[in-house]
Every structure is written in C-alpha cells, then in structure tokens.
Undergrad: 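The structure that follows is given in the form of structure tokens.
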Amino acid sequence: QPDNTELPVEYGRLKQQWEIARKDVRLVELIAKGSYVEVWRGRMRKYPRRNEIMKVAIKRIMSEACDKERRYFLAELEVMKAIQPHPNILPLIGCYTGSDPWLIMVEYAVEGSLYQYLQHHRPGDLRVEINSDRRDSVSVRNQQLTSLKLLSLTAQIVSGLQHINRFKMVFYRLRASNILVCKGGTCKLSGFGFGVDITERNMYESNSLPLRWMSPECLVDNVFNTKTDVWSFGILFWEIVHFGHLPYPDMGPQEVTEKIHTGYRMPQPIHCSGDLYNLMLMCWAENPENRPSFGDIMQNLHHLAENAE
Ligand code: ADE
C-alpha cells in the first residue's frame, strides 16, 4: 500500500509555512555585506526530510538596521513568498523571523554574480580594448559561439523580468553584479521588488542607485518603473556583450549623467551587429514610451539568435 500521506519534497511544506527552526540553519562564511544586510554561505536542513543538508545563501539583518530597513527586509521576504516559482527567479527556501537577527534563506548561486561569471568566461581571444583606439581582432568562429551563449543568458534575464512584471514588480537596480548565476549557468534574479507594487505606487525613492545604469528620468525625478528597468536592461545588455566591462568606460559618473541628458549614447561595439546595437538604442530612447516592452525585447532576442546560428 503506497503511503500517500507524505507529499513530494518540493511540496513538503505548505506555501505559507516558510519559517525554519533556527537550529536547522548554520551560517558558515560571510560572502557579502550591504548597508543593512549580510549575505552568508551556509547550510540548512531540508524540510521535511530533515536528515538531508542543503547549501543555501542566507541574508541576515544587521543589528544596526533601523526600522525602515527592517521593514524593507520583511517587505522583500513577502515579495519572495508572493512570487510564483520561475526558472529565472532565485527561489526562497525559508526564513527565520522568530527573533533578532532575522534570516532569509535562498538558493546558493554556485557561479556567483553574472558580473563575476562574465569576467571568468571572457574568451582569451576576445580582447576588446575599449579604453583605447587599438582594437584587437576577434576570432569570427569564437565570436559566433559566444554570441549565442550571451544571447541565451540575456533571454533568461528577460524571461525573469517578464515574470516579475506579471506581478507588477520592478527590479530597479538591474546590473550584471545584481544577477546571480546558478548551477548549469542559469541566470536568476533576486532582491527585486522590496514590496513595491507599481500599480499602487510607481515611484520609488532611493539615493543609492548606480548612476551608469540609470535612465534620464531616474536621474532627474528619481522615478523607477518598468520603462526605467528597460533602460537599465540596455546597459546590462552592453555589459553582457562586453563580458563585464564598466559601462561608459572612458567617463566618470558625473560626466555620464551630463552627457546622457544631451542625447549621448554609448557607441556601437565593434564586435556587435547593427541589429543588436539597435535593440540597445531602443532601450535607451529618451522618451520612456518609445522604449520596447520586455515582450518586444524577447522577440528581438529570438530573432538575433536565429541570425547568429
Ligand atoms: N551573493 C548574494 N546572494 C547570493 C546567493 N544567493 N548565492 C551566492 N552568492 C550570493
């Protein structure tokens, strides 16, 4: 007689029951520190098969965090609980909010950030000296293989963005260092939303966003919405094409913000097709209304991938 009382592991807990006993979580190594959270590599007992141990990333609220930061932390947790699972969204594994310090457990991304991944996988013969006039030649064969792989990474990110858009969420600090790469080279989005529902409130104030990724209206009015995400995606796409180079490589942040307002855009990279550059330029349209949707971008990427084959 089969025992049907035990649910499969992935449905082992009801969706609402994310709380993990503190004794089942172990923090092993501090891997990153923000203004009010630390990120640790750690281990956690699997639920409900508690004899199995899994590797996790643990976000821990810092004791110095103020009330507002504590609300952000819990808001982010609520967003993660609310978003349905998707292959390109970093899954929530559990949380501990019983007593201070609170913990959020998510999948551990073995490849680190997309920024690190791009730098590690930069092909040896793709030496693009974008800081100087000297531009090394690029092997055509390698270039084609690389293009497809890069387009696939990009499409995964867009797929994740389309998913969070369905939940009326914005990412608002989209850049290669904020995307994680998991087992098998899968890109996953994490740390978006912070409880911002764009139907209720399409403006979000922040003073800690990196200028090089921000759209003109972000820089002036501090607005964040899907169209500002599309601009930042264009910059992220540029980062991907350049295997993790700093955007606007010859400029300081102040110069970037000044030139953006006069209509300056980064030039067409020499190893990048006209169609691909056009997609970047569309994302950087001055008028947010003229920027493509993530659906349009996905169609374009499919088209580019067909031509790259
Ligand atoms: N850094 C920040 N979050 C991470 C995660 N989930 N896995 C690995 N490194 C991380």
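Note that ligands are numbered from 1 as they come in the structure, with each ligand's atoms numbered from 1 the same way.
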Undergrad: Against heavy atoms of Ile31, which atoms of ligand 1 measure under 4.0 Å?
TA: 9 (N), 10 (C)
Undergrad: Is the closest side-chain heavy-atom distance between Ser232 and Met214 below 4.5 Å?
TA: no
Undergrad: Can you list the atoms of ligand 1 that are under 4.0 Å from a heavy atom of Tyr108?
TA: 7 (N), 8 (C)
Undergrad: Report the part of Glu107 (side chain from C-beta onward, or backbone N, CA, C, O) that has a heavy atom under 4.0 Å from ligand 1; answer both or neither where that applies.
TA: backbone
Undergrad: Suppose I only count heavy atoms of Val106 and a 4.0 Å limit; which atoms of ligand 1 are within that range?
TA: 6 (N)
Undergrad: Nearest non-hydrogen atom to atom 3 (N) of ligand 1 belongs to which of Ile104, Leu180, Val37?
TA: Leu180
Undergrad: Which heavy atom of the protein is the closest neighbour of atom 5 (C) of ligand 1, given with residue, atom name and distance?
TA: Ala57 CB, 3.4 Å
Undergrad: Just by distance, no angles: are the side chains of Trp213 and Glu239 close enough, under 3.5 Å, to form a donor-acceptor pair?
TA: yes
Undergrad: Out of Arg70, Arg60, Arg22, which residue meets the salt bridge (charged side-chain N to carboxylate O under 4.0 Å, His left out) rule with Asp100?
TA: Arg70
Undergrad: Is there a side-chain contact between Tyr117 and Ile179, using heavy atoms and a 4.5 Å cut-off?
TA: no
Undergrad: Considering only non-hydrogen protein atoms, determine which one is nearest to atom 2 (C) of ligand 1 and report residue, atom name and distance to 0.1 Å.
TA: Val39 CG1, 3.7 Å
Undergrad: Under a 4.0 angstrom heavy-atom cut-off, which atoms of ligand 1 come close to Leu90?
TA: 6 (N)
Undergrad: Quick check: do Pro101 and Tyr96 have side-chain heavy atoms less than 4.5 Å from each other?
TA: no
Undergrad: If we only count N/O pairs under 3.5 Å, is Ala109 in contact with ligand 1?
TA: yes
Undergrad: Working note: Arg71 + Glu76, criterion salt bridge (charged side-chain N to carboxylate O under 4.0 Å, His left out); need CA distance, chi angles, decisive distance, verdict.
TA: CA-CA 9 Å; Arg71 280 199 302 277; Glu76 183 175 356; over 6 Å; no
Undergrad: Please tell me if the side chains of Leu304 and Leu276 come closer than 4.5 Å, counting only heavy atoms from C-beta onward.
TA: yes
